[in-house]
Amino acid sequence: MTPRYLKAILLFALVAIVLAVSVRQNFRDAWLSQYTYAVAPEQTPANPKTAKPPSGAEPNAIITPKPQVLSTRVAEYHIDVRLDENEKKLIGEQSITWTNPGRKPVEEMYFHLYPNAFLSDNTTFMKESGGKLRQDKATANSRGYLKLESLETTEGESLLPRLHYVQPDDGNPDDFTLAKLRLPDPVAPGEDITLHMKFEVKLPEVFARMGYAGDFVMAGQWFPKVAAYETAGTRGRAIEGWNIHQYHGNSEFYSNFGIYSVRIQVPETYTVAATGFQTKPAASKEGRKTYQFYADDVHDFAWAASPDFIYVEDAYSTAGIPGVRIKLYLDPAHENLKDRYMHAAKSSLAKYAQWYGQYPYSTLSIVVPPKGGNGAGGMEYPTLITAFAADTDNPGYELERTVVHEIGHQYFYGMIASNEFEEAWLDEGFTSYAEDKVMESEYGVKPNLSLEASYMTDPAPLKQLSWSYRSHEHYAENVYIRAKLVLFGIEKQVGTKTMQTIMRTYYQKYKFRHPSTADFQKVVEQVTKSKWTEYFREYVYGGQMADFAIESIRVHPVETEQGRQYESIVLVTKRGGSFGPLSVLFQFADGKTEKKQWSGEEKHVQFRLVHDAPLLWAEVDPDRHVVLDNKRINNFMKAELPEASRIRWSIGVSKLIEGLLGAIGW
């Protein structure tokens, strides 16, 4: 028998033992599925204020920009792009005007050339990701690039000789996702510079957010994009300057706000979905069709195209949603699910507007990639999201959950616009928290927080560079799940109403302002009027989890004035981070119970109880208040265990299980 099979048998046996013991000790709920799935939720309109055109209509509603300025508009892009559907290329030309938002002259600019992440196996992204992202894998055709054909000033001076690729994060000479441009003349504070570029993008077979799947195209992070310039005070920055990073296996994106005017040319049979709104009807000529899109107060622009899209539109308004056109670009396989997509979009928009604040844009587009195109699925861009691919006609609540999550990003990624290179938890964790709230409110699907906490086998600090996590799984485990639990942990201590005030205050204060972790902590302290230094130090800046345990129970008879009674001495310890106050429940043989409170601040506390009947068992945190406790198996202990086993027997079992799981690579 090989060691591999022996490990599997041992693991199976241990899991069976733990399950059996868990049932005996009332841990049944910790092993339930994280979410409830159903074939199809009830179809209930979120709001009657709708006006639905027939499916398949061309998206030609014309909208004009609003005069209100919501952000500091640092960059203005004018882009013409043509899809070469045969070569799977984008042929582009852009004019970008960049305004210096700081107080000192700027002598150089930086540009993200994200498609170069797919240039070879030696790029930083491919080396860190191993050619995998979530459940998607790069194929032999997942090669792509962005080639700058020209870079000129308005006077026609070529600046290409001044452009150099840089790798500030890892020094990888095979990475070409970031370029530095030495300007011929400095840009003074408040002044601007306009540059003209021609470029070509080779699309990879869809992987890691962009590319093609058959005739379907997802253009995400597809154009030369100026890096973010941070002024003094932004995210606690002392000195203004560029925030520059390469494209990493775990990292997403960070940019300044601006204006985008984009003209997209595709084959006449294609339909285009894009950030923003159309400013004129799509025009056809000689077998080609041209769309004109505009978006302001956004920090990115993405688009998708396909000859197979089924288009459905709804006009929607409610409190906090003054009027938005919800646009569905469905794969034909999911045409019959259009009402579910629309309901999820309306429900989440309504709840986020109610809880956090107004959705200020006039459109929201939802793209459903085709089967095999999930590399483009489950992603957010300003006013445009992608659902998971139409791989199944029975997606269960995965459909709603994905739409709800990605629309949540419109707030934390889109409008608050955190730095996802350096503080990804401020987007992913906050969005995951908000997603759970909507799923419970609108669909009755409750998260199993105890189970999710048990996934935290390798907790790490939340405020760190996204590529500092040792793998994508490690990254996701922390910035999605553990970060969400940190927010639920705050809510458990302050109450739901106060937590809603915290989240709304945070959004209202920092929308369009690029806040930091420290900024969020200030909001928590401002609203609660108390210090949260230790909590943030342990769970945000540190990588701790909570772990409260019943360490030992001693029961013996005593003679008192009431006669023969029983004295129970229970030792409760804190093995992880602080989280209090919390309760300890005691169950006696006569059926009576007693609950005592503990601050949870000390390393341990000893309870001495004298009762007419002997103590049967004790449990710390019986109400599952401490959502960050990832080792709940030691929260409970029976008093009638043999003397040699009264000290926490599960420590050795837990360590053995952890060792076996590590040995088989889980």
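Side chains are part of it too, since the values below use all heavy atoms of this structure and drop only hydrogens, waters and symmetry mates. Bear in mind that the values here come from a model prediction, so they are computed numbers and not experimental data.
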Would you indicate whether the side-chain heavy atoms of [Y] and [X] approach each other to under 4.5 Å?
{"X": "Leu628", "Y": "Tyr535", "answer": "yes"}
{"X": "Thr123", "Y": "Phe176", "answer": "no"}
{"X": "His245", "Y": "Pro168", "answer": "no"}
{"X": "Glu422", "Y": "Ser466", "answer": "no"}
{"X": "Val540", "Y": "Pro461", "answer": "no"}
{"X": "Phe636", "Y": "Val620", "answer": "no"}
{"X": "Arg401", "Y": "Glu398", "answer": "no"}
{"X": "Ser251", "Y": "Glu420", "answer": "no"}

Quick one: does any side-chain atom of [X] pair with a main-chain N or O of [Y] as donor and acceptor, under 3.5 Å?
{"X": "Asp621", "Y": "Val626", "answer": "yes"}
{"X": "His299", "Y": "Gly414", "answer": "yes"}
{"X": "Asn374", "Y": "Gly377", "answer": "no"}
{"X": "Thr275", "Y": "Ala302", "answer": "yes"}
{"X": "Glu230", "Y": "Arg237", "answer": "no"}
{"X": "Ser120", "Y": "Asn122", "answer": "yes"}
{"X": "Gln544", "Y": "Gly577", "answer": "yes"}
{"X": "Thr402", "Y": "Gly378", "answer": "no"}
{"X": "Asn478", "Y": "His474", "answer": "yes"}
{"X": "Glu400", "Y": "Met439", "answer": "no"}

Next item on the list: Apply ring pair (Phe, Tyr, Trp, His ring centres under 6.0 Å) to the pair Tyr411 and Phe430, showing each step before the final yes or no.
Entry: CA-CA 10 Å; Tyr411 281 78; Phe430 280 57; over 10 Å; no
Suppose we screen for ring pair (Phe, Tyr, Trp, His ring centres under 6.0 Å). Which residues come up paired with [X], at least two apart in sequence or across chains?
{"X": "Tyr541", "answer": "none"}
{"X": "Phe388", "answer": "none"}
{"X": "Tyr510", "answer": "Tyr506"}

Note to self: Does Lys522 have more than 12 heavy atoms from other residues, nucleotides or ligands lying within 6.0 Å of its NZ?
What the structure shows: no
Do [X] and [Y] have side-chain atoms, one donor and one acceptor, less than 3.5 Å apart?
{"X": "Asn394", "Y": "Thr392", "result": "no"}
{"X": "Ser347", "Y": "Lys351", "result": "no"}
{"X": "Glu380", "Y": "Tyr413", "result": "no"}

Item checked: Check against salt bridge (Lys or Arg N to Asp or Glu O under 4.0 Å), Arg575 and Glu551 -> CA-CA 10 Å; Arg575 298 177 177 174; Glu551 197 70 32; 2.7 Å; yes
Is the [X]-[Y] ring centre distance short of 6.0 angstrom?
{"X": "Phe512", "Y": "Phe257", "answer": "yes"}
{"X": "His409", "Y": "Tyr381", "answer": "no"}
{"X": "Phe118", "Y": "Phe125", "answer": "yes"}

Notebook entry, point to check: By side-chain hydrogen bond (donor to acceptor under 3.5 Å, both in side chains), which residues pair with Glu205, not counting sequence neighbours?
Noted result: Thr139
Note to self: I'd like to know whether Phe253 forms a ring pair (Phe, Tyr, Trp, His ring centres under 6.0 Å) with Tyr247, so could you lay out the CA-CA distance, the side-chain angles of the two residues, the decisive distance to 0.1 Å, and finally the verdict.
What the structure shows: CA-CA 8 Å; Phe253 314 104; Tyr247 193 4; 5.5 Å; yes
Check: When you look at Asp121 and Arg143, which way does the salt bridge (Lys or Arg N to Asp or Glu O under 4.0 Å) test go after all the steps?
Finding: CA-CA 9 Å; Asp121 289 333; Arg143 286 285 180 266; 2.6 Å; yes
Notebook entry, point to check: How many angstroms lie between atom OG1 of Thr124 and atom CG of Asn116, to the nearest 0.5 angstrom?
Noted result: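 CG of Asn116 is found 11.5 Å from OG1 of Thr124.
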Item checked: side-chain hydrogen bond (donor to acceptor under 3.5 Å, both in side chains) between His405 and Thr431, worked out -> CA-CA 6 Å; His405 181 92; Thr431 300; 5.3 Å; no
Margin query: Considering only residues two or more places apart or on different chains, which pairs with a residue in residues 212-221 satisfy side chain to side chain donor-acceptor pair (under 3.5 Å)?
Written below: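 Sorted result for residues 212-221: Gln221-Lys225, Gln221-Asp300.
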Notebook entry, point to check: After noting the C-alpha distance and the side-chain angles of Gln493 and His625, does the key distance pass the side-chain hydrogen bond (donor to acceptor under 3.5 Å, both in side chains) rule?
Noted result: CA-CA 8 Å; Gln493 296 181 70; His625 182 74; over 6 Å; no
Next item on the list: Give the C-alpha distance, both sets of side-chain angles, the deciding distance and a yes or no for side chain to side chain contact (heavy atoms under 4.5 Å, CB included) between Tyr229 and Tyr110.
Entry: CA-CA 9 Å; Tyr229 190 89; Tyr110 290 85; over 6 Å; no
Note to self: Check this for me, if you would: do Lys127 and Asp170 make a salt bridge, where the nitrogen-to-carboxylate-oxygen distance has to be below 4.0 angstrom?
What the structure shows: no
Next item on the list: Just do the side-chain hydrogen bond (donor to acceptor under 3.5 Å, both in side chains) check on Asp174 and Gln167 with the steps written out, would you?
Entry: CA-CA 9 Å; Asp174 295 315; Gln167 303 83 22; over 6 Å; no
Item checked: Test side chain to side chain contact (heavy atoms under 4.5 Å, CB included) applied to Leu113 and Leu178, step by step -> CA-CA 6 Å; Leu113 309 177; Leu178 185 67; over 6 Å; no
Checklist line | Verdict with reasoning, Phe488 to Tyr433, per ring pair (Phe, Tyr, Trp, His ring centres under 6.0 Å) | finding: CA-CA 7 Å; Phe488 272 109; Tyr433 168 86; 4.8 Å; yes
Next item on the list: Verify side chain to side chain contact (heavy atoms under 4.5 Å, CB included) between Met499 and Ile490, making sure each step is shown before the conclusion.
Entry: CA-CA 7 Å; Met499 189 63 181; Ile490 296 173; 3.7 Å; yes
Notebook entry, point to check: Where is the tightest heavy-atom contact between Gly429 and Ala483, given as atom of each residue plus distance?
Noted result: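 For Gly429 and Ala483, the tightest heavy-atom pair comes out as CA-CB, 3.6 Å.
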Checklist line | Counterpart residues, salt bridge (Lys or Arg N to Asp or Glu O under 4.0 Å), relative to Glu423 (two or more places apart) | finding: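 Partners of Glu423 under the salt bridge (Lys or Arg N to Asp or Glu O under 4.0 Å) test: Arg235.
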Next item on the list: Walk me through it: do Tyr469 and Glu477 pass the test side chain to side chain contact (heavy atoms under 4.5 Å, CB included)?
Entry: CA-CA 10 Å; Tyr469 297 94; Glu477 177 182 308; over 6 Å; no
Margin query: The test is side-chain hydrogen bond (donor to acceptor under 3.5 Å, both in side chains); show your working for Thr517 and Trp425 and say whether it passes.
Written below: CA-CA 9 Å; Thr517 297; Trp425 86 284; 3.0 Å; yes
Item checked: Chi angles and distances behind the ring pair (Phe, Tyr, Trp, His ring centres under 6.0 Å) call for Tyr443, Tyr397 -> CA-CA 9 Å; Tyr443 297 99; Tyr397 274 118; 5.6 Å; yes
